[in-house]
Structure formats: C-alpha cells, structure tokens
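As a basis for the values below, the full set of heavy atoms in this structure was taken, side chains included, without hydrogen atoms, waters or symmetry mates. Numbers restart at 1 for each chain; the letters A, B, ... are given by sequence-line order, proteins then strands.
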Amino acid sequence: MPTPVGQIPATSESILRSSDGSNEDEHRIAVSEGYTREEHAHMLATKWLSAGQLNQLARSQGALTILSCLVYKKGKFSVIEEQQLGSAIEQYRLSKSLSEDQMYEVIFPKDEKGKDTAFWSEITAAVPQRPIIAVYHHVRRSRHPVKQQGKWTPAEDLILRQAVANHGQSWEKVCLEVGRRGMDCRDRYRNHIQNRELRVNGQWSKEEEEELTKIVTDLTLKQGRDADNDVFWGVVSQRMCGKRSRQQCRIKWTDCLNPSTKNAGQKPRWGNQDSYILVHKLDSLQIFDDSEIDWKTIPDPQWNLWSPHILQRRWLTMKRGVKGHEFMTHQAEIMEILKAKKVNAPVTGGTRKRVGRKVTSANAIAETETQSDMPVAGPSTSSKK
DNA sequence: CTGTAAGGTAAGGGTAATGTCTTGCT
DNA sequence: CAGCAAGACATTACCCTTACCTTACA
C-alpha cells in the first residue's frame, strides 16, 4: 500500500558478496520515522514550496528537532501514482457533483472566479510523497486539451518557425498557431529548428569526440564538479558551435564517451556479472512496477560504468528475452530472469558466449585480481575520485 | 499599504521509445 | 552461409524541475 519511496537498491558489493543472491536487508534503508510522515505529507500537500525550500528541508534536520528530514519523491510519475491521481480527481468531481467540463475549468481556470484553492491540496494528498507543485505541473500537462502529438511534419515546422518569428519565445501564443502544446513547440524549436543549418548528423568523428570530451571535462572535473551529473548540456552544445544539439551531446557522453573514460579509454563490455548485479539490484527494490524504478539511483560507486540510460535499456533487453514477459508482474519477471542460468552465474565459468573476445568489463577485473571462485567487486576500479 | 503566498509561463534539465546499421550466433 | 537476435549507435518525442514573473489578499 505505501508507495515505496526513496528506495535504495542493494550495493553491487553486497550483491556479489552473498553468492546465493538472497542477501539480507542491510541495504534496505527504512523510510519510516512514522510519526512525522503525516506532517510531512500535509506540508507537501498544502504549502507551495519552492525548489530551494524543498531542498533545504530535505537536507537539514528540520528546525524543530522533532522533525526528521523531509522525504519527497521526484522523477517520473509511476502508473500507480497516475491511477491514484486519476481516482482522486474523479472523487473530487463527484463530491462536488461537477460535470467533466466543470472539472476542466478547475484545472484550467479561465478567470479568478471559479478557482477552488482546495483542489490541488486535495488531490496531492492522494500521492503523499509528492510536493503540490509537482502534482500541479503533472496534472496540467497530462490533461491539456491540445492533444496533437507524434512526429512533426515539415508543414508544422514551417508554421512553428513563422510563429516564433512573430511572437518570439512566447510559447502560449505559439501554441495557438501551431496546434501543439506550448512546451512541445518549445522542445521542437530548441532541439530541431534552432541552428538547423549548423547541425551535423550521423556518426561522430574522432575529432568531435575529443572536442566533446575536452569541453565536458573542462566544464566539470576542472571545476570540481561531477562529470556524471553536473553537466550543462545547453552550454556544451553552444561550445560545440551548435554542430550538435544538447541531446546529441548528452547521449554521446553518458552512453559512450563517459564509460570509456572511466574504463581507461577502453570501451567497456557488458558482462554476465553486470547482468547479475543489475537484476539483483532491481530485485532488492521490492517494487511492483517498472515505472517505479528511479534509474538514477541504480549505479553505485563500485559499479558506475554504466549510465542509468544504458541500464534501463539492458533491463528491457533482458525482459524481452523472457517468453511472455508482457503478461507478467514485475516480480515474476525478475524471478524468471533470476532463474536463467547466465544471470545466476556471476563468474562466467562455462559460458560459451563471447568469452575473451574483447574484454568484458567484469571479467577484465576478475582476471587481474585473485583467481578465487568468489565474485569480485565492481568493475570500475579505474573510476575517478 | 505591503509582504507573502498562490499560481501561470518560460528556461533548464533529463528520459523513453524507436530506427538503422553492424556483429556474432546457431 | 543464411537467417536472425542482440548490440552499437543515432534520432526524436516526451516528461519533470526550477526560475521568474504577476496577482490576489491577509
């Protein structure tokens, strides 16, 4: 019943240590502090806390010693949360006996008149760990009347260009002319229309890769920041003179260049041990649905070669390997995969699949260290400090 | 009158889904 | 060696958070 929040996956280390994979809960950090939970939920649902305020509350011990740190949830809304919100909204509608149209007015008030200030607080209560502002944005986005989505046609692009020329970056006005949501227009514009003449597509050249690496390290490590997280991709794209978009730069770095850099310039290979770690980590989360996974939290200091993005894709690939996974629950999928031989054997004893061709990240380390039968700790000994 | 909180809009930051070409098994 | 699944890599739609305002009102 309680939505699992702030779940912390088991560390790669603890997974590898316990050979049978059924390691104990040392890692299962309790969210608990039960008696302040209510107060937190109430605060999240009633106060429109800004980003800074939320951060501070989560960090500090709370001014009134009774309060432990505030715990609140970020990231994509899971399907469960979406359901909870949906029924909360429906409940609200029925309790006020409103029509669908009137309900719409509550979410998108035309004037100050019909405003019901209690509405947002009420539905936020249905997702206890979410700040009201997050619910506000999510609901307004997901119930937006303009439904046009999917691929952009050249004609639309043209209208968009025209509209931006007329109105500048006033996306709400642009929205009316293009017939797409304002923010979607913004996305299309900044990611594909702006600097289109300069844009380069296709394979990255060696020089480009070096250029990007240099820019990113200059912008992060050289300034004492973290190259895994603190990168400003808009700036990076600019420094690449607009040749590559922020999305291109980001993906190239996190999925390709960054792992190589960490692995002493060598492209790491995904190995059985990596699969093993991943599945057990996901298992340790004890969740019901994939959408509850916060991929950012899956890597750990001992096992950080792979970007959250890559891990997510790996998981999908593994799932697809399971017959009938579409009809399984999350737990069943996990168990199914756990049963599979290759995942259960962290040290690739008799696997015939691609052994020793290019180095597998995990195996590479396994060989350099002792020849014990025990699984060895994380692949990324060469990670930065 | 005025300081503060609600709430609307844009900028900033990130992920998920999909396409295409290559690699490597059986 | 064909046929096919998986991998590598690229593209783009889509989503969430934070910043910055305007406005209402205690």
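- Nearest heavy atoms, A:R196 versus A:D157: NH2-OD2, 3.6 Å.
- Between A:M43 and A:L49, the shortest heavy-atom contact is CG-CD1, 4.1 Å.
- At the phosphate of C:dA10, neither OP1 nor OP2 sits under 4.0 Å from any side-chain N or O atom of A:R244.
- Comparing A:K76 and A:I107 against DNA chain B, the residue whose closest nucleotide sits nearer the 5' end is A:I107.
- Neither OP1 nor OP2 of B:dG13 sits under 4.0 Å from any side-chain N or O of A:W233.
- Between A:P131 and A:T124 the shortest heavy-atom distance is C-CG2, 4.2 Å.
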I'd like a table of atom pairs between the protein and nucleotides 9-12 of chain B - only N or O on both sides, under 3.5 Å - with the distance next to each one.
from, atom 1, to, atom 2, distance (Å)
B:dA10, OP1, A:W171, N, 3.1
B:dA10, OP2, A:E172, N, 3.2
B:dA11, OP2, A:W171, NE1, 2.8
B:dA11, N7, A:R186, NH1, 3.2
B:dG12, N7, A:R186, NH1, 2.7
B:dG12, N7, A:R190, NH1, 3.4
B:dG12, O6, A:R186, NH1, 3.4
B:dG12, O6, A:R186, NH2, 2.5

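- When all heavy atoms of A:L198 and A:G242 are compared, the pair lying nearest together is CB-O, 3.9 Å.
- Under a 4.0 Å N-O distance rule, the pair A:D187/A:R190 qualifies as a salt bridge.
- The two residues A:W152 and A:D184 come nearest to each other via the heavy atoms CZ2-O, 3.7 Å.
- Note on A:R188: only backbone sugar-phosphate atoms sit closer than 4.0 angstrom, heavy atoms only; bases stay farther off.
- Comparing A:K74 and A:H192 by the nucleotide of DNA chain C that holds the closest heavy atom to each, the one mapping nearer the 5' end is A:H192.
- Between A:N201 and C:dA10, a side-chain N or O to OP1/OP2 separation shorter than 4.0 Å is absent.
- Scored by the ring-ring contact (aromatic ring centres under 6.0 Å, His included) test, A:Y136 finds A:W48, A:W120 as partners (sequence neighbours excluded).
- Using a 4.0 Å heavy-atom cutoff across all strands shown, A:D255 reaches no nucleic acid atom at all.
- Regarding contacts with the backbone of C:dC15, a side-chain N or O of A:R181 is found under 4.0 angstrom from either OP1 or OP2.
- Judged by the 6.0 Å and 45° rule, A:R143 forms no cation-pi pair with A:Y104.
- In this structure, A:T46 reaches the sugar-phosphate backbone alone: every heavy-atom distance under 4.0 Å involves primed, P, OP1 or OP2 atoms, never a base.
- Taking only side-chain nitrogens and oxygens, A:K252 never comes nearer than 4.0 Å to OP1 or OP2 of C:dC9.
- Rounded to 10 degrees, the angle separating the terminal helix axes of the helix from B:dT2-C:dA26 to B:dT26-C:dA2, each built from five base pairs, is 30°.
- Side-chain atoms of A:A51 lie closest to C:dA19 of the nucleotides C:dA19, C:dC9, C:dC16.
- Heavy atoms of A:R199 sit nowhere under 4.0 angstrom from any nucleic acid atom.
- Residue A:H167 comes nearest to A:S170 through the heavy atom pair O-OG, 3.3 Å, listed as atom of the first residue, atom of the second, then distance.
- Evaluation of atom-type donor-acceptor distances gives no pair under 3.5 Å for the side chain of A:R250 against the base of B:dG13.
- Considering only the side chain of A:Q203, C:dC9 comes nearest among C:dT11, C:dC9, C:dC14.
- Dashed line: the shortest gap from a side-chain N or O of A:Q248 to OP1 or OP2 of C:dT11 is under 4.0 Å.
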